[in-house]
Each structure stands twice: as structure tokens, then as C-alpha cells.
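Scroll down for the structure; my scribbles are underneath it.
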2 protein chains.
Amino acid sequence: MKVTVDAVVFSYHENELKVLLIKRAFEPFLDMFALAGGFLLDDESAEDGVLRKLKEETNVELDYLEQLYTFTDVERDPRERIISITYYGLIDPVKHDLVSNIHAKEVKWFPAYGVNYIPLAFDHKNIYDYALERLRNKLQYEPIGFELLSQHFTMNELWSLYNAILGRELDIRNFSRKILSYGLLNESTFKQEGGVGRPSKMYEFNKEKYDELKKTGLNFEL
Amino acid sequence: MKVTVDAVVFSYHENELKVLLIKRAFEPFLDMFALAGGFLLDDESAEDGVLRKLKEETNVELDYLEQLYTFTDVERDPRERIISITYYGLIDPVKHDLVSNIHAKEVKWFPAYGVNYIPLAFDHKNIYDYALERLRNKLQYEPIGFELLSQHFTMNELWSLYNAILGRELDIRNFSRKILSYGLLNESTFKQEGGVGRPSKMYEFNKEKYDELKKTGLNFEL
DNA sequence: TCAAAAGTGTTCCGAATACACCCATGA
DNA sequence: TCATGGGTGTATTCGGAACACTTTTGA
């Protein structure tokens, strides 16, 4: 039985959630857009396989990777029986530059909410939907939003990201208070540059603190 | 690459959460306890494969089945590269009778909290831990507790089940109010039999109502 | 009529929400 | 000094937690 790995990679830039798609350079589904991915090798774990394929096909390196689901429908691949172990990944926007290569005809960020209008190869639409739902849920009870921002960010940027992904307008004052109350953010020495009005404080996510709190049973919410 | 499916099957009887294990009849790990499972066939989905293997090895038929995680460590099987798609299942206690067969030397329910003291084959201990954690989490935000009870049950039985799985004593009055507030339980025409004191009302889970409410965005909690 | 367990009502507290005002900065 | 966006404080509301009493049944 053959096994592939596929990844739904999200990024947040231009005030929008984006997803990484490639235009297929081979049959089946030649020239159609699809998730990055490919066959898993015998000497690598699925995680390693995903990272390898992403590097090959898109040149991105992830900051966060989580297994999503394994799709096993008998008919999901027109060639033969192939199951797919799927992942979703998050990436720092400063790393979002893409590099063309022989594995794909095109590599591109698509607005996440426009993907519905693009036909995708295989059952990749299902996988994408599943990933988006998972991202939305997870965002609300795990501090993963930071993975989609640069190391130093303003509260407003974090808030905009939450609004964009959750699709509703949160009260920024309550949001800010809540986020800060977990003590997971350090004030950064960076200063916001440009823009009118009072410059915002910048923060950075304190991963060590998070790992420490997780042991004692932190429950992050909203 | 070979692919197996493995299942962590939970049941609740004798006021205890139990897990289904089999004693292996073949190498490797001959005579060791392990999860039910086996190789996935080319013409079946993973779900179908799990149900087939469970039927073969233990004769149980599940009321609830959910994919857990796919384990892909290169070294997880001493024979060769084998990945495992794992599931957890829940079963109505009236169906908990087990049947011996040629696929396993023994088929047995173990108290869930005693599994730590039993060496398990392969990486099945990891899988089991993962399943228990998932069950605990899921119990608190999806109405799956009913799947572990008979069709007709008392509020006290449901409450005991929650206490046993979550490992803490909930306030039964608040618990009862909360559960009933979702309107997912129908009062059953059954009457509790035997026992001292005032007989309890019996309820049954209304799955149709649940499916209906889920569409309009129910969020069950605790 | 008594014991045992089921069932209902009420108070209290804290967190979530909604909302208004003050502050810092650059032009 | 003024416009712009950042930051803080507070009243209100709602749900969760804690807790005590009444009801129903079988013996």
C-alpha cells in the first residue's frame, strides 16, 4: 500500500489568512492546484516526510506542524490505493517567499477564504476544509496565533489575526486584557515604526514560559 | 510500506472504565498484551479495517469510532517499516461479552487505570495514553458519554461515568441541570428496577435532536 | 414511619461583556 | 494643538459553583 503525506500550510500577511498551493507538474490532475506533498519514504517519519516535500516543492520551512487526519477512502486516488497522512502547518510571514522549482509548475499563496472557488486535485478540498476548521478551533484554546506573526508584533496585529481567522470582530480591550493575563508575552524592546498616532508596544511570545506553564496545567482560552 | 490499524476500545461496566486488550498469538511480542488491530487490506478504508479486525479478534461491534492519530516512527515495529492508523472506540456495556478465537490467545477487559502496570506490545502504550487523553477531553465538549451506557440510563449512572473517566467528583445537581439544559435527553418510559430508595427517572439520548442542533451550532460543554 | 436515594431551589462569586475616557506621539 | 491610534478603568450581566431542603418510593 502506498502512503503519501500532504500539508495545508497557512500564513498571515497583507491582513489575510493565506494558504499555500502548488500547480501540479505531473499527472494525474496535471496543471491543477493541490496541496504540497508526496510519497513517504521508508526511512523517514511522516513529519520528516512532510518537511522534506515542503522544502522540495515550495522551499518553505515551517514554524509549527501538527498532524491533521489520515484519509483512507479506497477511491481517493485514481491511480491506485493510496492513503494520505495529512498535516497543517503555520509559518512566520517573514519566511513566506516562495521559490519555483521542478516539482511544481507554480507555487502560490491563496487567500484562505477564496480557496472554495478553486478546483483542487484529489480530495484536497476536503483536507483543506478540515485543516481550516482545526486551525479555527485550535486558535481558541492554544496559543498558536503567534506562529503566524513575526517574532515582534503589536497587540493590534495579533487581534487582527484573530479576527481574520475567526471571522468575527472581538473587543480589542477585552482581547488584550485576556491575552496579557496569561503572562505568555514579553514586552519587546522593539518599537513600532512609521504610521500615524501613538506607536504601539511590541511583544514577543515567551515559549519557555509557555512550556513551563503547560506542565502545571495552563488552560489558554480565547 | 505496510499499514496497520489499531483500536483502543473503551467500555464502562462495574462502575469502571475498561479497555479491551488481547494476548498476542503470534510473533513478535508473542503472549504479550496488545491493542486489537492488524493489517489494512487494499480494498477497505481504515474504518472498515478496524471494524473487521475487531470482529475477528474480539467479536465486539462498536457504537462509536473515531480516528485518533497515525503513528509513523521508523522504528516502531521491529519487523519492518509499518505505520499504524489508530482509532478509539466506545461500546454499549450490554455488548461487552467477548469471544475467544484463533486470532488471539485471550481477549479481556482491563481496568483503564491499571493498564500502566501491564507491558504492552509495540508502541501500544503510547497509543493507549493518547486515546485516554482524547476520551477525557472529548467527554467534556461532546456528548459521547452516552455511548458507554445502555440505551436507558439514570442520571446517576451518567454522573458516575463522568466522575470515573474525569477522575474528579462533579456536583451531581449542577451536572444534572447542565446536561438536561441541552435538551438532548428524552425521559424514557423505562423504570429503574430494584434498589432501595426512590427509583430514578431513566433517560435516553436523542441522537436525532443532537444532529439537528449540531447544524445550528450547539456547543455542549461539561 | 423510616431510611435511602432522587429531585429542586437559591445564594454567591468570578469571569466575560460592554462601554468611555485618558495618553502618547508625529505632524 | 490636533488628529490618530494606543492603552486603561469600571459597571453590568451571566453562568458556574456551592450548598440545603423537600419528595418519592419500598420495606
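Residue numbers begin at 1 in each chain, while the letters A, B, ... track the order of the sequences.
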TODO: Measure from CE on Met202(B) to C1' on dG7(C) and round the result to the nearest Å.
DONE: 16 Å
Open item on the list: As a test of understanding, state which of Tyr12(B), Phe205(B), Phe146(B) forms a ring-ring contact (aromatic ring centres under 6.0 Å, His included) with Phe153(B).
Closed with: Phe146(B)
TODO: Could you tell me the separation between the CD atom of Glu187(B) and the C1' atom of dA6(C), rounded to a whole number of Å?
DONE: 13 Å
Open item on the list: Without decimals, in angstroms, what is the distance between Arg168(A) CZ and dT17(C) C1'?
Closed with: 13 Å
Open item on the list: If I take atom OG1 from residue Thr58(B) and atom CG from residue Leu35(B), how far apart are they, to the nearest 0.5 angstrom?
Closed with: 11.5 Å
TODO: Could you pull out the closest heavy-atom pair between Ala131(B) and Leu68(B), with the gap in Å?
DONE: CB-CD2, 3.6 Å
TODO: Mind calculating the distance between CZ (Arg173(B)) and C1' (dA17(D)) to the nearest angstrom?
DONE: 10 Å
TODO: Determine whether the aromatic ring centres of Phe71(B) and Tyr69(B) lie less than 6.0 Å apart.
DONE: yes
- [ ] Nearest whole angstrom, please: distance from the C1' of dC19(D) to the CD of Glu169(B).
- [x] 14 Å
Task: His124(A) (side chain) donor-acceptor with Ala34(A) (main chain) under 3.5 angstrom - done: no
Open item on the list: Can you tell me how far apart NZ (Lys23(B)) and CD (Glu106(B)) are? Round to the nearest 0.5 Å.
Closed with: 5.0 Å
Check nucleotides 13-16 of chain C for protein N or O atoms closer than 3.5 Å to its own N or O atoms and list the pairs.
from: dA16(C); atom 1: OP1; to: Lys178(A); atom 2: NZ; distance (Å): 3.3

Task: Flag for Arg177(A)-Asn174(A): side-chain donor and acceptor within less than 3.5 Å - done: yes
- [ ] Please work out which of the three classes, parallel, tilted or perpendicular, describes the rings of Phe190(B) and His152(B), given edges at 30° and 60°.
- [x] parallel
Open item on the list: Taking the six-membered ring for Trp, are Tyr141(A) and Phe220(A) closer than 6.0 Å centroid to centroid?
Closed with: no
- [ ] Can you tell me the distance, in whole Å, between the CG atom of Leu170(A) and the P atom of dC19(C)?
- [x] 15 Å
- [ ] Mind calculating the distance between CD1 (Ile172(B)) and P (dA6(C)) to the nearest angstrom?
- [x] 6 Å
Task: Nearest listed nucleotide, side chain of Ser200(B), among dA6(C), dA20(D), dG7(D) - done: dA6(C)
- [ ] May I ask you to check whether Phe110(B) and Phe33(B) place their ring centres under 6.0 Å from each other?
- [x] yes
Task: Terminal axis angle for the helix from dT1(C)-dA27(D) to dA27(C)-dT1(D), five pairs an end, nearest 10 degrees - done: 10°
Would you tabulate the nitrogen or oxygen pairs shorter than 3.5 Å linking the protein to nucleotides 25-27 of chain C?
none

Open item on the list: Side chain of Arg177(A), heavy atoms from C-beta onward: which of dA18(D), dT8(C), dT17(C) has the nearest atom to it?
Closed with: dT17(C)
- [ ] Let me know, please, whether Asn174(B) or Tyr203(A) comes out on the 5' side of the other along DNA chain D by nearest nucleotide.
- [x] Tyr203(A)
Open item on the list: Can you tell me how the ring of Tyr88(A) sits relative to the ring of Tyr64(A), calling it parallel under 30°, perpendicular over 60° and tilted otherwise?
Closed with: tilted
TODO: Nearest whole angstrom, please: distance from the C1' of dT8(C) to the CG of Asp171(B).
DONE: 13 Å
Task: Inter-residue atom distance Glu66(A).CD - Ile144(A).CD1, 0.5 Å rounding - done: 7.0 Å
Open item on the list: Of the options dT8(C), dG6(D), dC19(C), whose atoms approach the side-chain atoms of Asn156(A) most closely?
Closed with: dG6(D)
